[in-house]
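Report on one structure; see the data block that follows.
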Amino acid sequence: MACEQDYYTIMCGLQELDLQMNAVPSDLVLIGEHAFPLVMNPKGRVLMAASYYGKGRVVVLGHEQYLTRFPSLIKNALKWLKPCTGDAGIVGIQKSLRSVAANLNDCPIKTELGDFRSGLAVYITDAYSVENCAKDLIAFIKAGGGLIMAGQAWHWARTHPQENTLKNFPGNKVCSVAGIYFSESYGKVGIFPVPKQIPYSWLALSTGKDFKDDLQFLLEGVSEFDIQSGTIASEVMVHGPLAFPIAVSPAGKTFIAGAYYGQGRVILLSRESYMDQDSLSTFLINAIKWLDEDRKGVIGILPSLKAAHTVLSKSGLDCQLTGFRNDLSVYVCTSYSDAQCAEIQEFVAEGGGLMIGGHAWHWAQTHCGCNVMTDYPGNRILNKMGLSLLGSTLIGELCKAPEIEQSCKEGYHFCNMLHRFAEHVYLGKELTNHEQSCLKQLGNDCASYLQMRCHDSAAYTSVVALLSDIVKKLGVPQVSSNSPVESGKDRLMLHIGSEVYKVSPDPDALLPYIIKERPKLPTVSKARVRISAKTEGCEEWISTGLYLSPAMKTNIAVPPEIIRKNWQVQLGCQTDNIGGAKELKRAPVVHERFPLDAEIVQVCNLWGGLIYIIAPPQSKVDGVEIVVQDAVQAPYFKSGETSVADWVDRIRQAPAPWAELEFENIILTLQSEFIRNLDRPDEVAKLWDTIMRSIADLAAKPGKFPRKERFVADVQISAGFMHSGYPIMMHAVSAPELVNVQEAYKKGLWGQIHELGHNQQRSVWDAHETCGHCMYMRKLTCRYFSARISLDIRGRLDSLWEKSMVQHLVYTLAYTHVCCHLQALSVDVVIEKFGWDAFKKVFTIYHDMNGVPDDNAEKMNLYAETFSKCGVGPSSPTHKRKSLISLSGVTILWKSAISSKVYFTTTFISVLRAVAAPFIMGSKRSRHTLGLI
């Protein structure tokens, strides 16, 4: 860490500091990535600190008497502040600090008493005399100058009770740009030893302000936050000492927050559309005035935010649609670009206001393998300000405005909650019920915070040190299916242990506290794996047949064809995040990815796992070779390459606890215990080849899948008994079904094929799950595949579930509100007379269909029309239509269509009329009922 060397330079030769004098210092509040403490008392209060700003450096002392009390410290600081000029350059010293100049007489340093002027190398001043030259001093530091400032603000705060000390105390108008503030609190003094490394203490974890005055201003006239527009926002993490939550959901998730940064202020909204909502206009106007700070300057609004301009203009301020400019008072923008990151941060640090809105969840979902905390554009701007947008989502609802007193005392803030948990660990203080309910969120936030990986930040490294110490003190619960974790504290420790291991400077020291028993498995060296891939629009996992034990490190030699081309290595097949589960049977996240960005890449995963090479979309390689230095052999069968004899005699007993069976179109991943006695993997291959070919046939696709489907059996998954995706996840208790051929032919594989059917659904004919009708359609369209494949592998429909599915297949065409009237349909007649070709025709048409509406109702109408024309339209023989639907059923369907035009287009109604007509037996009454006359 760079600042460790800086600390050593400044504190070199000092063994202890005697602060027992008639001088009461101010506590210093540190924010940002560059500020670090020099002296900290036993209560965790910072009394001296240093930082960077621009090209320059700053040292701040909590009382002006320290300038003369510790001459060795000042001499060391001067060496650090002007590293390029050495002994050259003039050190300017404020007139009233003549004694400081006297202490430097024995040094080859040129000093000059007087007011600040340009041309100096370093300037030494108290914190009270800089108000008139604050802007000049900031420019001086930014250009590479050095500054030593000393003073205390607690007396000033008592004589200026109505003023904001962080903003208006003279010294803060300069050193705050570097992330150091004089606070109105005073620090206890004594004789303090000087540690060899930057001091840290869990006691230092706290906010630097109560924000009561800020919240009163921001929430004036605001009783609620109505965000019921249906949009999905991101959760906001509030982690800086001068950041604070403003609007919080009933579940305790922050979606609007504020912060001080340098001399400026920030408002973050976790959805940009919030900035143009009339229902939030009172708050938005308050916020823009809070950011403007009565300067009545220009409010610059990103030109794409025209609706926000309309709302914010009601403030009476000069709102202009414009790009970023330095002469603005406030800049309003989205979080989707960091093109001017440094300029915006500097703008705020030097007094500007920033209102920024946007969400990160969609970015996180579409940038797999990226770190949302470090790579998301908005977070590159916001992290330094103590705020971050998370990949987790927040659904809009009606939220009450917080009660200010309660919010200041109990409102959730990462630093405050971590401080309270540390008190519980070190001092034995009991957690309140409210605090216990926050432990899950604390675990999530610890994981997010650690993912910032800001190892050059003293604030970050102090949190890493604290969490590492907590892991060593409490240990991590040894979670398993037989020993699940449920309590908030155990869940928190499991989460912390997993995440701090990844970023610890000494992970091996933590390992015995996280995993107490690690089996020693035999390894192979220099395993060579040939990689071939031809991917289309999705990434693909390529199996290696190798495994890493928990915390085992290995090096991978990467061929030049794939270096720095977005290829990755993944350790672990269990990719579900189960952090939302009430009970945990494993750690929430147990896989890890690493970019293949060098000739040799070292990889390690705390929880171990199978080794995969991840081919990015639009990749094409043929037979390139990777070499894995050390790994454990896994049971791995691949159709066409592995013989049954080799499998039985040798491969199935490979020591890894996970196994894979790779067939023509699918790969099955399950615990090795389920395949140790598998004698005929070729019969399993035959079963799954039949299933997958049938799926391809019904989906009107080529028999060879462009990307093989995957099943992974896990001890616990994120949703349901199984769920679709890549891979399809299922519970380990069902894993034997994947390889039991006899039972599959006897009882079927309904659930597995159901999920494979979900994977065949396409957005053009699959409705979003936003209403009952759409959810019903989504669940049932996948069952087309379950019924068809069951027929192919069993030859008949004799299961209650299968019969029910085919009934539901027809119900879908009539939508949920009429399906209950069609229960008399004959399943056998549907299959015999209706046939499966209609489905193939529909899917074939959709392969090349353009202009499909995104609206769910219209999408459902189009599907019904297309299906009707293909399966029961005028071209179909009359006897098939008669067999399909009875007169009473058609009457009900027709009446429903007439009364629910919002879900049926006129084209569908005309098709339905054509279908219904042959069922009319000449009865004028029936024809009238159907609207045909």
Side-chain angles (χ1 to χ4, degrees), residues 224-238 245-257 267-281 283-284 302 304-305 307-308 311 332-337 355-368 370-373 375-379 381-382 387-401 412 440-441 444-445 447-448 451 576-581 588 718-720 723-725 758 761 763 766-775 777-779 853-857 859:
E224 62 188 21
F225 290 86
D226 186 353
I227 54 170
Q228 300 178 98
S229 58
T231 56
I232 301 176
S234 282
E235 183 182 349
V236 172
M237 180 180 175
V238 180
I246 297 171
V248 180
S249 74
K253 307 298 184 182
T254 299
F255 58 92
I256 300 177
I267 291 288
L268 170 62
L269 303 99
S270 63
R271 183 87 192 194
E272 71 276 16
S273 60
Y274 293 168
M275 293 191 287
D276 57 46
Q277 286 189 206
D278 284 331
S279 61
L280 301 179
S281 61
F283 167 76
L284 292 168
L302 192 69
S304 61
L305 299 174
V311 173
V332 181
C333 64
T334 67
S335 63
Y336 305 126
S337 172
M355 178 180 285
I356 183 169
H359 58 79
W361 61 266
H362 183 266
W363 186 95
Q365 292 178 5
T366 55
H367 290 74
C368 295
C370 293
N371 183 340
V372 69
M373 296 298 289
D375 299 333
Y376 176 67
N379 284 339
I381 298 172
L382 291 163
L387 300 169
S388 300
L389 286 162
L390 305 183
S392 51
T393 59
L394 185 146
I395 305 300
E397 52 188 320
L398 187 64
C399 307
K400 292 183 178 179
Y412 180 89
K440 181 179 178 181
Q441 184 170 353
N444 293 335
D445 284 351
S448 296
Q451 286 169 15
D576 269 9
N577 184 335
I578 61 170
S718 60
H723 71 73
S724 59
H758 269 309
Q761 290 173 319
S763 61
D766 177 37
H768 305 299
E769 297 186 28
T770 56
C771 66
H773 306 290
C774 302
M775 292 174 68
M777 183 175 180
R778 176 167 175 75
K779 289 180 181 295
D854 190 55
D855 176 76
N856 277 334
K859 187 185 292 188

Does the pair H758 and H723 meet the rule for a side chain to side chain contact (heavy atoms under 4.5 Å, CB included), with working shown? CA-CA 9 Å; H758 269 309; H723 71 73; over 6 Å; no
If you count heavy atoms of other groups shown closer than 6.0 angstrom to NE2 of H367, is the number above 12?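 Correct, the count exceeds 12.
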For L389 and V236: C-alpha separation, side-chain torsions, deciding distance, then whether side chain to side chain contact (heavy atoms under 4.5 Å, CB included) applies. CA-CA 5 Å; L389 286 162; V236 172; 3.9 Å; yes
Distance (rounded to the nearest 0.5 Å) between [X] [atom1] and [Y] [atom2]:
X: K253; Y: S392; atom1: NZ; atom2: OG; result: 6.5 Å
X: M237; Y: T254; atom1: CE; atom2: OG1; result: 10.5 Å
X: T393; Y: R271; atom1: OG1; atom2: CZ; result: 11.0 Å
X: S270; Y: I227; atom1: OG; atom2: CD1; result: 7.0 Å
X: I256; Y: Y274; atom1: CD1; atom2: OH; result: 7.5 Å
X: L382; Y: L268; atom1: CG; atom2: CG; result: 5.5 Å

Between [X] and [Y], is there a donor-acceptor pair closer than 3.5 Å when you use the side chain of the first and the backbone of the second?
X: S234; Y: A360; answer: yes
X: N379; Y: V372; answer: yes
X: Q277; Y: D226; answer: yes
X: S448; Y: D445; answer: no
X: D576; Y: I578; answer: no
X: Y376; Y: S388; answer: no

From CA spacing to verdict: side chain to side chain contact (heavy atoms under 4.5 Å, CB included), T334, I356: CA-CA 5 Å; T334 67; I356 183 169; 5.9 Å; no
For T231, side-chain hydrogen bond (donor to acceptor under 3.5 Å, both in side chains) partners two or more places apart: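 side-chain hydrogen bond (donor to acceptor under 3.5 Å, both in side chains) list for T231, sorted by chain: S229.
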Nearest heavy-atom neighbours spanning [X] and [Y]:
X: G391; Y: A364; result: CA-CB, 4.1 Å
X: I246; Y: A257; result: CD1-C, 3.6 Å
X: M275; Y: L269; result: CG-CD1, 3.9 Å
X: P250; Y: L398; result: CG-O, 4.5 Å
X: W363; Y: C370; result: CH2-CB, 3.5 Å
X: L284; Y: D276; result: CD1-N, 4.5 Å

For W361, which residues count as a ring pair (Phe, Tyr, Trp, His ring centres under 6.0 Å) partner, sequence neighbours excluded?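 For W361, the residues satisfying ring pair (Phe, Tyr, Trp, His ring centres under 6.0 Å) (neighbours in sequence not counted) are H359.
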Should C399 and V248 be marked as a side chain to side chain contact (heavy atoms under 4.5 Å, CB included) after you check the CA-CA gap, both sets of side-chain angles, and the distance that decides it? CA-CA 7 Å; C399 307; V248 180; over 6 Å; no
